[in-house]
Amino acid sequence: MPSPSLVLDAVAARLLLFLDRMRAESIEYGPDAAALQESAADTLDGGKRLRARFCHAGWRAVARQRDRDAIETEALWDVCAALEIFQSAALVHDDLIDNSDTRRGRPAAHRALEASHRGAGWAGDAAAFGRSSAILLGDLLVAWSDDLLEDAVTALPHARTVRREYARMRRDVTVGQFLDIAEESAWSVNATDSHVERALHVVSLKSARYSIEHPLVLGASLAGADEEQVRALRRFGHPVGMAFQLRDDVLGVFGDAAVTGKPAGDDLREGKRTVLVALTRQSLDVPARTLFDELLGDPELTAEQVSFLQATIADSGALAAVEEMIGDYARDADRALSGARLDNAAVGDLRDLARAATVRSA
């Protein structure tokens, strides 16, 4: 598998060029707007670059199948970078929606903007300023992502296909995010035995397609993939994405804060209606379920209450069931690559990436 540093370094270089251009083009906006630009730039620092790595892998799987000596283009790296900018936008809005204070071990964007208001000695409510500014910050990052994608593909023969896939990705993740929010309220009027299916629907839209499937297909489309190759990559990417998000859900409840960069049990305080939670509730009797529901979503949960909920989830069998689902999705993805008309070395890379995405601690 290509060294992760190959993708990280290339994406970092393209982001640096793009940010320099944005700074130069935005001088007329003045110093206050420049602070917003720098906040946007700060969100692009760090991260695993998962979407960029899958985009690159999708390109390799098709390009190297046709030409073993195919070389990565600037357009490919720009699309990879555009994906990472869009990911930053999604995280800014996600942290705001979830009232999360931290991201990657640092203040979340709305908290950083709040602190900048307070530090500048400005009048008014610093917290309200932080929240409002974060909405606009996320919107700015979406615009930047579109700008960079358009720069990358305008002159390419497969531009229309790439644009269409990118547009579908934006729609999917936005609707998925809404359904995730809605489920935190809608669960109360839907039958308990429907919650797992509803949670899986959110996983598919909000994460599985957006994190893995769409980046893979974007990279493949840049390389001129045909319908058969795209179908194989979708059959691989979607179950990997499902397993990736289920692993994220497990870490959101049981992860080590020192590794994940977020407080332990954060998803419990936020009241996330995940597959893990749905399976737990199915297994509990009415009194235990009532107590579980009373605690879930309380932002003031104590460490002892978090431990109680963790134990309830584990003892219910839900944790083991989700781990089994992750394994099943991973095997489905692996089978999807068997016999696919893709570069053999790249297929090995895809399998390595799938393992890295689904067997992780952060």
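Position 1 is the first residue of the sequence, and the numbers go up from there. Note that the coordinates shown come from a computational prediction; the quantities given were computed from them, not determined experimentally.
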Glu197 atom CD: more than 12 heavy-atom contacts under 6.0 Å: no
Partner residues of Asp139 under the salt bridge (Lys or Arg N to Asp or Glu O under 4.0 Å) criterion, sequence neighbours left out: none
Side-chain hydrophobic cluster, 4.5 Å single linkage: members besides Val175: Phe178, Leu179, Val202, Leu205
Arg106 and Asp45 ion-paired at < 4.0 Å: yes
Any pair counted as salt bridge (Lys or Arg N to Asp or Glu O under 4.0 Å), so long as it reaches residues 309-320, sequence neighbours left out: none
Least distance between heavy atoms, Lys272 atom then Leu296 atom: O-CD2, 4.4 Å
Heavy-atom closest pair, residues Ser211 and Phe244: OG-CE2, 3.8 Å
Hphob cluster co-occupancy, Met325 + Val240, side-chain heavy atoms under 4.5 angstrom: no
Expected output: side-chain Glu84 to main-chain Val11 donor-acceptor under 3.5 Å: no
Electrostatic pair Arg14:Glu74 at N-O distance under 4.0 angstrom: yes
Test item: Leu268 and Leu295 side chains (from C-beta on) under 4.5 Å apart, heavy atoms: no
Any donor-acceptor N/O pair, Ser26 side chain to Arg23 backbone, under 3.5 Å: no
Polar side-chain atom of His238 near backbone of Arg209 as donor-acceptor pair, under 3.5 Å: no
Any donor-acceptor N/O pair, Ser100 side chain to Thr102 backbone, under 3.5 Å: no
Ring pair (Phe, Tyr, Trp, His ring centres under 6.0 Å) partners of residues 179-221, not counting sequence neighbours, each pair once: Phe86-Tyr210
Any pair counted as ring pair (Phe, Tyr, Trp, His ring centres under 6.0 Å), so long as it reaches residues 257-298, sequence neighbours left out: none
Neighbour count above 12 (heavy atom, 6.0 Å) for Glu228 CD: yes
Inter- and intrachain pairs under side-chain hydrogen bond (donor to acceptor under 3.5 Å, both in side chains), touching residues 125-138, at least two apart: none
Carboxylate-amine/guanidinium proximity below 4.0 Å for Arg331 and Asp328: yes
Ser145 side chain to Ile85 backbone, donor-acceptor under 3.5 Å: no
Minimum-distance pair of heavy atoms, taken over all atoms of Ala57 and Leu350: CB-CD2, 3.6 Å
Side-chain (Ser194) to main-chain (Asn190) donor-acceptor, under 3.5 angstrom: no
Partners meeting salt bridge (Lys or Arg N to Asp or Glu O under 4.0 Å) with Asp95 (sequence neighbours left out): Arg103, Lys262
Arg21 atom CZ: more than 12 heavy-atom contacts under 6.0 Å: yes
Electrostatic pair Asp172-Arg168, nearest N-O below 4.0 angstrom: yes
Check against side-chain hydrogen bond (donor to acceptor under 3.5 Å, both in side chains), Thr192 and Gln282: CA-CA 6 Å; Thr192 297; Gln282 279 187 1; over 6 Å; no
Residues Arg269, Asp298: salt bridge by 4.0 Å N-O rule: no
Salt bridge (Lys or Arg N to Asp or Glu O under 4.0 Å) involving Asp293 - partner list, sequence neighbours excluded: Arg273, Arg281
Test item: Ser204 side-chain N/O and Leu200 main-chain N/O as donor-acceptor pair under 3.5 Å: no
Under 4.5 Å side-chain linkage, directly or through intermediates, the cluster mates of Val230: Val217
Side-chain donor or acceptor of Tyr166 paired with backbone N/O of Asp146 under 3.5 Å: no
Electrostatic pair Glu184:Arg198 at N-O distance under 4.0 angstrom: no
Heavy-atom neighbours of Asp101 CG exceed 12 at 6.0 Å: yes
same_hphob_cluster(Leu301, Ile313) at 4.5 Å side-chain heavy-atom cutoff: yes
Residues that, via side-chain heavy atoms closer than 4.5 angstrom, fall in one hydrophobic cluster with Ile181: Ile97
Sole residue of Glu213, Gln245, Gln177 in side chain to side chain donor-acceptor pair (under 3.5 Å) with Ser207: Gln245
Cluster check Val277, Val203: I/L/V/M/F/W/Y, side chain < 4.5 angstrom: yes
Cationic N near anionic O, under 4.0 Å, Lys206 to Glu183: no
Partners passing salt bridge (Lys or Arg N to Asp or Glu O under 4.0 Å) against Arg231 (at least two apart in sequence or in another chain): Glu227
Main-chain N/O of Val162 paired to Ser221 side chain as donor or acceptor, under 3.5 Å: no
Within 6.0 Å of CD in Glu324, more than 12 heavy atoms from elsewhere: no
Parallel, tilted or perpendicular: rings of Trp77 and His56 (30°, 60°): parallel
Whether Arg64 side chain and Ala70 backbone form a donor-acceptor pair below 3.5 Å: yes
With Phe18 via ring-ring contact (aromatic ring centres under 6.0 Å, His included) - residues at least two apart: Trp144
